[in-house]
Amino acid sequence: MSGRLLRLVCTATVAAHAVLAAVPAAAVPEPGGTEERSVAQLLTDLQRLYRETEKATETYNATEEQLKKQRAEVRRLDTQLARARIALHDSRGAAGRLARQQYQGRSELSPYLRLLLARDPQHALEQGHVIGQLARERAKTVKDLAVHEKKADELARKARAALDRQLALAERRKKERDAVRKRLDEVEKLLASLTAGQLAALADFEDKGIAKAQQQLVSSGALGDDAKPSSRGGRAVRYAMRQVGKPYEWGAEGPKRYDCSGLTSRAWAHAGTTIPRTSQEQWARLPRIPLRELRPGDLVIYFPEATHVAMYLGEGKVVHAPRTGEKIKVAPLANNPILGAVRPDQSNQGHGKPPKGARG
């Protein structure tokens, strides 16, 4: 995020709190009024831009993960190719020595003729055994050369293909990075166009909307009593809570800045469990659980496209890296539309359709 946007958001936040403190209750627009509809539309537009930014960010993160794996694959193939070329060089040396021996006329009579002409048949038999061994070694030399040539050619082909894939991923990552920056520019332009009063009204309107959604979730009975966290879940929670107050930054995995899935994946890695990097992959690959079975450490996924993730703390609260311009914080579970929940340390590592009650 640009320094200008950071300064803008910080200034807007201070101004918003100042305006909220100064405006009397009577000045709050009545429900359904023109001003409130305007604030609602502004909030809708802003949330849409944030959501598009986060979606672009998670797409970028997925490509970045693929690129990391592809780089490792290229390194692995390069190492194998180097070894294969050394083996091929040795085989070619052995084949060259064999060719020179044949050229210099070192080929002998056949073992059968040698046996017939020998004065000492036993000695001839022993020599025949040696000659046979040499013949087998020569055959092996020729075979090894062919095998090593084939292997080197195959590895060279795979290495070229792997490098091509790496270059394609790097180009795709660049385009996706540009897409994130474009969305951030749109957010910046919208925020820059708002007055302090509008920013204050937006903050108030959004907080009220979250409080209402949280109340509806609690009263719906979708949440059960909090279960005790697993030992790893507890460690993941403690790690995530130590990050509270650190800034959000798209594509960041810590330790100074995080995006939403960077925080959750790093927290669980710290606890000893490797999980997918992006919120979409966390939703797709981790075991899903109903909201009523939530326990601290579980991950809550938001929006139909699984573009945001938070870590459940218990008592209807989560810790998450919200969005550009904000810091990691504790928030109500219903801070965004809930898609479902997953459990990183579930013994059953399969996945399937969201269980009944997983959507909020």
Side-chain angles (χ1 to χ4, degrees), residues 1-2 5 48-88 147-188 248-266 268-269 273-286 299 301-309 321 323-324 339 342 344 349-351:
M1 181 174 59
S2 70
L5 181 53
R48 174 182 57 80
L49 290 174
Y50 278 131
R51 183 177 171 185
E52 289 175 354
T53 302
E54 194 151 43
K55 180 181 177 182
T57 297
E58 291 299 277
T59 300
Y60 169 88
N61 288 340
T63 300
E64 177 68 14
E65 287 301 295
Q66 292 180 45
L67 185 56
K68 288 178 182 177
K69 293 177 181 178
Q70 194 59 43
R71 284 170 176 160
E73 176 69 3
V74 169
R75 288 193 297 270
R76 184 184 69 82
L77 288 172
D78 283 346
T79 300
Q80 287 189 349
L81 180 58
R83 291 172 180 169
R85 283 173 172 164
I86 291 173
L88 177 58
V147 168
H148 290 149
E149 283 182 337
K150 182 178 179 181
K151 184 175 182 180
D153 288 344
E154 180 67 15
L155 283 171
R157 183 188 64 78
K158 288 182 178 179
R160 285 193 297 270
L163 181 58
D164 288 342
R165 287 194 294 272
Q166 177 178 317
L167 294 174
L169 283 170
E171 180 62 25
R172 191 170 86 187
R173 182 187 62 167
K174 179 180 180 300
K175 292 179 180 178
E176 290 168 353
R177 182 185 61 214
D178 292 343
V180 175
R181 289 174 174 169
K182 180 181 178 182
R183 293 292 182 268
L184 287 174
D185 287 343
E186 293 173 354
V187 171
E188 184 174 354
Y248 175 102
E249 181 177 291
W250 68 273
E253 301 177 71
K256 295 182 179 180
R257 300 170 185 271
Y258 298 85
D259 62 18
C260 66
S261 56
L263 175 64
T264 54
S265 60
R266 184 64 65 186
W268 271 100
T273 298
T274 300
I275 65 173
R277 168 64 174 89
T278 68
S279 56
Q280 289 99 333
E281 284 298 294
Q282 290 170 6
W283 174 244
R285 293 170 54 188
L286 297 177
L299 304 183
I301 312 296
Y302 297 91
F303 300 111
E305 295 171 324
T307 52
H308 188 68
V309 60
R323 60 195 181 194
T324 297
L339 176 61
V342 295
Q349 292 299 312
H351 67 81

Work out which heavy atom in [X] is nearest to a heavy atom in [Y]; give both atom names and the distance.
| X | Y | value |
| --- | --- | --- |
| Ser279 | Ala306 | OG-O, 2.6 Å |
| Asn61 | Gly251 | OD1-CA, 3.3 Å |
| Thr264 | Val309 | OG1-CG1, 3.7 Å |
| Leu286 | Pro276 | CD2-CD, 4.0 Å |

**Request:** Not counting sequence neighbours, which residues clear side-chain hydrogen bond (donor to acceptor under 3.5 Å, both in side chains) with Arg71? List them please.
**Result:**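 By the side-chain hydrogen bond (donor to acceptor under 3.5 Å, both in side chains) rule, Arg71 matches no residue at all.
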**Request:** Can you sort out the partners of Thr59 under side-chain hydrogen bond (donor to acceptor under 3.5 Å, both in side chains), two or more places apart, ordered by chain and number?
**Result:**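 Partners of Thr59 under the side-chain hydrogen bond (donor to acceptor under 3.5 Å, both in side chains) test: none.
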**Prompt:** Is any side-chain N of the basic residue among Glu171 and Lys174 closer than 4.0 Å to the acidic one's carboxylate O?
**Reply:**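 No, no charged N to carboxylate O under 4.0 Å.
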**Message:** Strictly below 4.0 Å, N to O, side chains only: are Arg160 and Asp164 in salt-bridge contact?
**Reply:**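 No.
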Checking [Y] against [X]: is there a side-chain donor and acceptor pair closer than 3.5 Å?
| X | Y | value |
| --- | --- | --- |
| Thr307 | Glu58 | no |
| Ser265 | Glu253 | no |
| Glu65 | Thr278 | no |

**Request:** Test side chain to side chain contact (heavy atoms under 4.5 Å, CB included) on His308 and Ile301 and set out the steps.
**Result:** CA-CA 6 Å; His308 188 68; Ile301 312 296; over 6 Å; no
**Pairwise distance CD(Gln70) to CZ(Arg75) - rounded to 0.5 angstrom** =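 Going from the CD atom of Gln70 to the CZ atom of Arg75 covers 10.5 Å.
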**Message:** Using 0.5 Å steps for rounding, measure from the CH2 atom of Trp283 to the CG atom of Leu299.
**Reply:**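 Interatomic distance, Trp283 CH2 to Leu299 CG, rounded to 0.5 Å: 11.0 Å.
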**Request:** Identify which one of Arg266, Gln282, Gln280, Arg277 satisfies the side chain to side chain donor-acceptor pair (under 3.5 Å) criterion when paired with Ser261.
**Result:**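 Only one option passes, and that is Arg277.
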**Message:** Using the rule given for side chain to side chain contact (heavy atoms under 4.5 Å, CB included), can you reason through Asp259 versus Glu249, listing the C-alpha separation, both sets of side-chain angles and the distance that settles it, and then say yes or no?
**Reply:** CA-CA 5 Å; Asp259 62 18; Glu249 181 177 291; over 6 Å; no
**Asked** Any chance NZ of Lys182 has more than 12 other-residue heavy atoms, nucleotides or ligands included, within less than 6.0 Å?
**Response**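 12 or below, so no.
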**Request:** Decide yes or no on side chain to side chain contact (heavy atoms under 4.5 Å, CB included) for Leu339 and Phe303, but give the supporting numbers first.
**Result:** CA-CA 6 Å; Leu339 176 61; Phe303 300 111; over 6 Å; no
